[in-house]
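Since the structure comes first, as structure tokens, the remarks are kept for the end.
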Amino acid sequence: ETYRTITDEATDHNRIWQTHVPQWGFTLPSIFHLILALAALHLGYLHPEVRDQYVMQADDHFTFGIRSVSAILSSLNSGNCQSIYMSTVLVCFVYFAHGPKPGEYLVFSETGKAEWLVLMRGVRSILMSSRDKIFTGILEVQPDPAIQGVSHLLQDELGEHQSHIQQLQRFIETQTGGSSTGQVYIGALEKLLQMFEEAYQCRSAGKDGVQLMPFVVGWIYTRPEEFISLLEAKDPVSLVVLAYWSILLKFMGSSWLMIGWDRHVIAGIRECLAPEFHKWIEWPVSLICD
């Protein structure tokens with residue numbers, strides 16, 4: 001039941017989640033435990049009256065699964081890189097499915113390192129070392145013929161987002177005067193404009209929820225370490241940029257995995273920003289909270 005909620009069966013011609021991921025579990029126990037963790041959380045969502053029982057089971061499987069993944073990362077090779085990569089994808093899905101945690105806002109935290117960001121760094125390191133070996137064979141990325149650009153029904157909506165992001169770009173440019181840090185902010189916003197365009201192409205084809213995950217997560221793991229460090233330090237301008245990214249989380253809210261994450265992240269950003277910065281995030285706050 002659960003695999004149908006994390007894949008687009010119309011384009012998953014290789015039946016990756018239905019067939020191959022469970023089969024990999026026979027040789028990589030971490031995958032089986034992470035599958036069971038995700039399935040338990042899905043059952044908890046479907047049966048809220050007994051959710052606590054399922055969460056306890058999910059936590060047990062998740063603990064074993066993530067420990068097993070960590071233990072085999074050092075033995076990454078061409079034979080196991082695909083299954084290890086899918087393990088890390090499952091880890092991220094389980095993290096989202098568990099729901100927002102107080103004080104944890106994906107890429108920054110009230111105390112210490114953000115848990116999800118630590119996971120994302122693990123995914124990024126695997127991709128950087130083995131991308132060509134991972135996305136081949138059954139995991140080769142296939143173009144989706146249904147995606148044909150942004151429909152005229154959504155063009156005005158996309159244009160509004162683009163206009164607000166471009167206004168923020170101009171404001172940051174005047175404030176930072178071409179400094180190296182300013183360029184990091186501008187680079188993040190330029191990439192975000194691209195992510196919005198691609199997300200709206202996907203939405204125009206009737207796709208939402210976890211099908212937008214590549215754009216949402218992709219923006220984070222393609223950011224340079226300097227920008228990530230600014231977020232971890234709760235630098236106000238980087239948090240403002242993140243607020244605009246959190247709009248994409250709202251588009252994913254149709255998935256049971258992502259319920260509440262947009263409001264949680266924008267609330268954390270607003271709480272960390274001094275009052276004089278609140279006017280900078282009025283657009284994302286109005287979209288997410290109204």
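Computation of the quantities below employed the complete heavy-atom set of this structure, encompassing side-chain atoms and omitting hydrogens, waters and symmetry-equivalent molecules.
- Residues meeting the salt bridge (charged side-chain N to carboxylate O under 4.0 Å, His left out) test with K234, sequence neighbours left out: none.
- In this structure a side-chain-to-backbone donor-acceptor pair under 3.5 Å is missing from K207 to S204.
- With Q211 contributing its side chain and C202 its backbone, the two residues share no donor-acceptor pair below 3.5 Å.
- L43 and V94 fall into different hydrophobic clusters, where Ile, Leu, Val, Met, Phe, Trp and Tyr are joined by side-chain heavy atoms under 4.5 Å apart, directly or via other members.
- For the pair N77 (side chain) and S75 (backbone), a donor-acceptor distance under 3.5 Å is present.
- Between atom CD1 of residue I281 and atom CG of residue L239 there is a gap of 9.0 Å, rounded to the nearest 0.5 Å.
- Remark: Q169 pairs with Q166, I186, L189, E190, L193 by the side-chain contact (heavy atoms from CB on, under 4.5 Å) rule, at least two apart or across chains.
- Side chain of S163 to main chain of G159: no donor-acceptor pair is present (N/O by atom type, distance under 3.5 Å, no hydrogens or angles).
- Distance alone, capped at 3.5 Å, places no donor-acceptor pair between the T176 side chain and the S179 backbone.
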List the atom pairs, with distances to 0.1 Å, where a side-chain N or O of residues 53-62 and a protein N or O form a donor-acceptor pair under 3.5 Å, not counting sequence neighbours.
residue	atom	partner	partner atom	Å
D59	OD1	H98	NE2	2.7
H61	ND1	H33	ND1	3.0

Tell me which donor-acceptor pairs under 3.5 Å the side chains of residues 16-30 have, and how far apart each pair is, sequence neighbours excluded?
residue	atom	partner	partner atom	Å
H20	NE2	N14	O	3.2
T27	OG1	W24	O	3.2

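- In this structure, the side chains of E115 and Y95 come closer than 4.5 Å at one or more pairs of heavy atoms.
- Both V123 and F93 are members of a single hydrophobic cluster when ILVMFWY side chains are connected at heavy-atom separations under 4.5 Å.
- Judged by distance alone, with hydrogens and angles left aside, the side-chain atoms of Q82 form no donor-acceptor pair with the main-chain N or O of G79 at under 3.5 Å.
- Distance alone, capped at 3.5 Å, is enough to place a donor-acceptor pair between the S238 side chain and the D235 backbone.
- Aromatic ring pairs are classed by plane angle as parallel below 30°, tilted from 30° to 60° and perpendicular above 60°; the pair H161 and W283 is perpendicular.
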Could you tabulate the donor-acceptor pairs under 3.5 Å formed by side-chain atoms of residues 130-137, not counting sequence neighbours?
none

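- Tracing side-chain contacts under 4.5 Å through hydrophobic residues (I, L, V, M, F, W, Y), one reaches I6 starting from L46; they form part of the same cluster.
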Validation: residues 241-269 side-chain donor-acceptor distances under 3.5 Å, sequence neighbours left out:
residue	atom	partner	partner atom	Å
Y244	OH	W280	O	3.3
W245	NE1	V216	O	2.9
S246	OG	A243	O	2.5
K250	NZ	L287	O	3.3
S254	OG	D208	OD1	3.3
S254	OG	D208	OD2	3.3
S254	OG	G209	N	3.4
S255	OG	L257	N	3.2
W256	NE1	T5	OG1	2.9
W261	NE1	F96	O	2.9
R263	NH2	C289	O	3.3
H264	NE2	K101	O	3.0
H264	NE2	E104	O	2.7

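- Under the 30°/60° scheme for interplanar angles, the aromatic rings of F227 and W219 are found to stand perpendicular.
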